[in-house]
Amino acid sequence: MITQRSRTVHSASVEVLARRVREGLCGAGSGTPVADHLRAAAEGDGSTAAGHAGAREGAPGPVVAAGAVRLLGADAVAGYLLAGRPLPAPESQAVHLTLSALPPAPRASLAALHGGEGSWLRAWTDWGLVTALARVDATRPPVPASKPPGPPVCDDRLPRRHRTDSAAEGGSVGEGWVAWSLRMGQLASLALLHLDGPVHDAARGGVLGLARGATRALLRGDFTTAARLNRWLAWLTAEGITLPVDAGVLGAEIALRGGGERCLLDVAIADRMLDGKRAWTRG
């Protein structure tokens with residue numbers, strides 16, 4: 001049984017790792033955020049939020065830290081992917097360790113169909129991490145991760161809150177832009193240059209839905225969702241697609257008003273894809 005305290009510990013670990021990745025992305029970190037995160041957890045450093053508190057919940061610190069890497073997905077290696085540089089050996093070893101400790105489902109498509117939307121989202125996050133890792137670490141083949149079914153398409157003719165029964169039905173099924181954009185926000189770790197697949201095809205076909213979703217989230221003060229959707233807008237801009245909104249302006253507003261480290265990492269990645277020179281920091 002997952003307790004509220006356990007969720008808090010895992011969320012805090014993700015926030016710390018997101019900060020480490022963002023610092024590396026902005027040139028202020030060590031360059032080995034995953035290795036640093038796992039090492040600090042193994043040494044029982046409470047600053048990781050995955051050490052002593054995790055152990056009290058029955059989950060050793062390193063396990064919580066490894067889980068944080070998997071939850072961050074491809075963002076864990078985003079700095080190297082966007083820079084076109086290979087992972088250093090310690091970072092490669094650390095990321096491969098998390099994949100061997102928590103292997104992706106070998107048949108993600110079936111897992112998604114029978115496990116509900118949560119399994120489908122996790123399968124896509126795993127696919128993103130494995131695919132990104134293969135690009136930045138050609139020396140070691142990563143644990144295989146099969147490609148799950150694609151998401152529904154954004155259909156502006158449907159009621160804006162319309163949802164399909166399953167996210168695993170494939171791209172032939174339509175969905176209203178509110179429900180669709182929220183799901184695309186959950187897949188924001190795939191919004192990275194050098195990644196492409198059915199989710200990216202859905203983004204290309206739902207430009208207006210993504211713009212609406214990002215604007216709606218910002219107006220509602222949901223900066224986490226706004227930052228996630230703005231990543232897709234930045235990715236589309238980098239693809240040369242004309243948008244009805246300016247992803248750079250949205251990113252600046254989110255950075256000034258936004259929330260935690262994961263949110264700021266999304267802004268930093270979007271900014272990098274837009275070739276911006278700002279390095280968003282807190283405080």
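Numbering starts at 1 and runs along the sequence shown. Since the model is a prediction, treat every value here as computed from it, not as a measurement.
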Mind listing the closest non-hydrogen atom pair of Pro90 and Ala35 along with its distance? O-CB, 3.8 Å
Atom CZ in Arg216, atom CG in Leu218: separation rounded to 0.5 Å? 12.5 Å
Between the side chain of Asn230 and the main-chain N/O of Leu250, is any donor-acceptor distance below 3.5 Å? no
Given side chains that start at C-beta, do those of Leu81 and Arg135 come closer than 4.5 Å, heavy atoms only? yes
What pair of heavy atoms forms the shortest contact from Trp124 to Pro198, and how long is it? CH2-CD, 3.6 Å
Say whether Leu97 and Leu133 are linked into one hydrophobic cluster, either directly or through other cluster members, by side-chain heavy-atom distances under 4.5 angstrom. yes
Report whether Leu121 and Val199 are members of the same hydrophobic cluster (ILVMFWY, side-chain heavy atoms less than 4.5 Å apart, transitive linking). yes
Shared hydrophobic cluster for Leu229 and Val207 (ILVMFWY, side-chain gaps under 4.5 Å): yes
Scanning both residues in full, the closest heavy-atom pair of Cys263 with Ile254 reads SG-CG2, 3.9 Å
What is the distance from atom OG1 of Thr125 to atom CG of Asp75, rounded to the nearest 0.5 Å? 9.5 Å
Using side-chain heavy atoms (C-beta onward) and a distance below 4.5 Å, is Ser189 in contact with Leu72? no
Taking the side chain as every heavy atom from C-beta outward, state whether Arg22 and Val267 have any atom pair closer than 4.5 Å. no
Would you kindly say whether His37 and Ser13 are connected by a side-chain donor-acceptor distance under 3.5 Å? yes
Would you mind checking if Arg20 and Glu261 are paired as a salt bridge, meaning a charged N to carboxylate O distance below 4.0 Å? no
Linked hydrophobic residues, Trp177 as query - side chain contacts closer than 4.5 Å: Val178, Leu182
Glu253 CD to Arg257 CZ distance, which is reported to the nearest 0.5 Å: 5.0 Å
Under the 3.5 angstrom rule, does the side chain of Thr131 hit a backbone N or O of Gly128 as a donor-acceptor pair? no
Please tell me whether Leu193 and Leu243 are part of a single hydrophobic cluster in this structure, the criterion being side-chain heavy atoms less than 4.5 Å apart. yes
Would you call Arg262 and Arg19 a side-chain contact if the rule is heavy atoms closer than 4.5 Å? no
Does Arg157 come within less than 4.0 Å of Asp155, counting only side-chain N to carboxylate O? yes
Could you walk me through whether Arg204 and Glu239 pass the salt bridge (charged side-chain N to carboxylate O under 4.0 Å, His left out) test, one step at a time? CA-CA 9 Å; Arg204 294 183 183 101; Glu239 286 266 298; 3.1 Å; yes
Atom CD of Glu175 and atom SG of Cys154: how far apart are they, to the nearest 0.5 Å? 8.0 Å
Using distance alone, with no hydrogens and no angle criterion, decide if Arg122 and Ser119 have a side-chain donor and acceptor under 3.5 Å apart. yes
Establish, from distance only, whether the side-chain atoms of Thr139 and Asp137 form a donor-acceptor pair under 3.5 Å. yes
Can you check whether Arg212's main-chain N or O pairs, donor with acceptor, with Thr215's side chain at less than 3.5 Å? no
Scan residues 225-269 for pairs that pass ring pair (Phe, Tyr, Trp, His ring centres under 6.0 Å), counting only residues two or more places apart or in two chains. His200-Trp232, His200-Trp235, Trp232-Trp235
Is it the case that the side chain of Trp180 and the backbone of Pro152 share a donor-acceptor pair, with hydrogens and angles ignored and the cut-off at 3.5 Å? yes
Could you check whether any side-chain heavy atom of Pro149 comes within less than 4.5 Å of a side-chain heavy atom of Trp120, counting everything from C-beta outward? yes
Is it the case that one hydrophobic cluster holds both Leu210 and Ile241, taking links as side-chain heavy atoms less than 4.5 Å apart, direct or via other members? yes
About how many Å separate CZ of Arg228 and CG of Leu187, when rounded to the nearest 0.5 Å? 10.0 Å
Using a 3.5 Å distance criterion without hydrogens, assess whether the side chain of Arg272 forms a donor-acceptor pair with backbone atoms of Leu25. yes
So, do Ser92 and Arg140 sit near enough that their side-chain heavy atoms are less than 4.5 Å apart? yes
So OG1 of Thr32 and CG of Leu87: to nearest 0.5 Å the spacing works out to 10.5 Å
Would you say that Val14 contacts Ser11 through its side chain, given a criterion of any heavy-atom pair below 4.5 Å between the two side chains? no
So which heavy atom on Ala42 is nearest to which on Pro62, and how close? CA-CG, 3.9 Å
Between Leu190 and Trp127 the two heavy atoms that sit nearest each other are CD2-CE3, 4.0 Å
Closest non-hydrogen atom pair between Pro148 and Ala123, with its separation: CG-CB, 3.5 Å
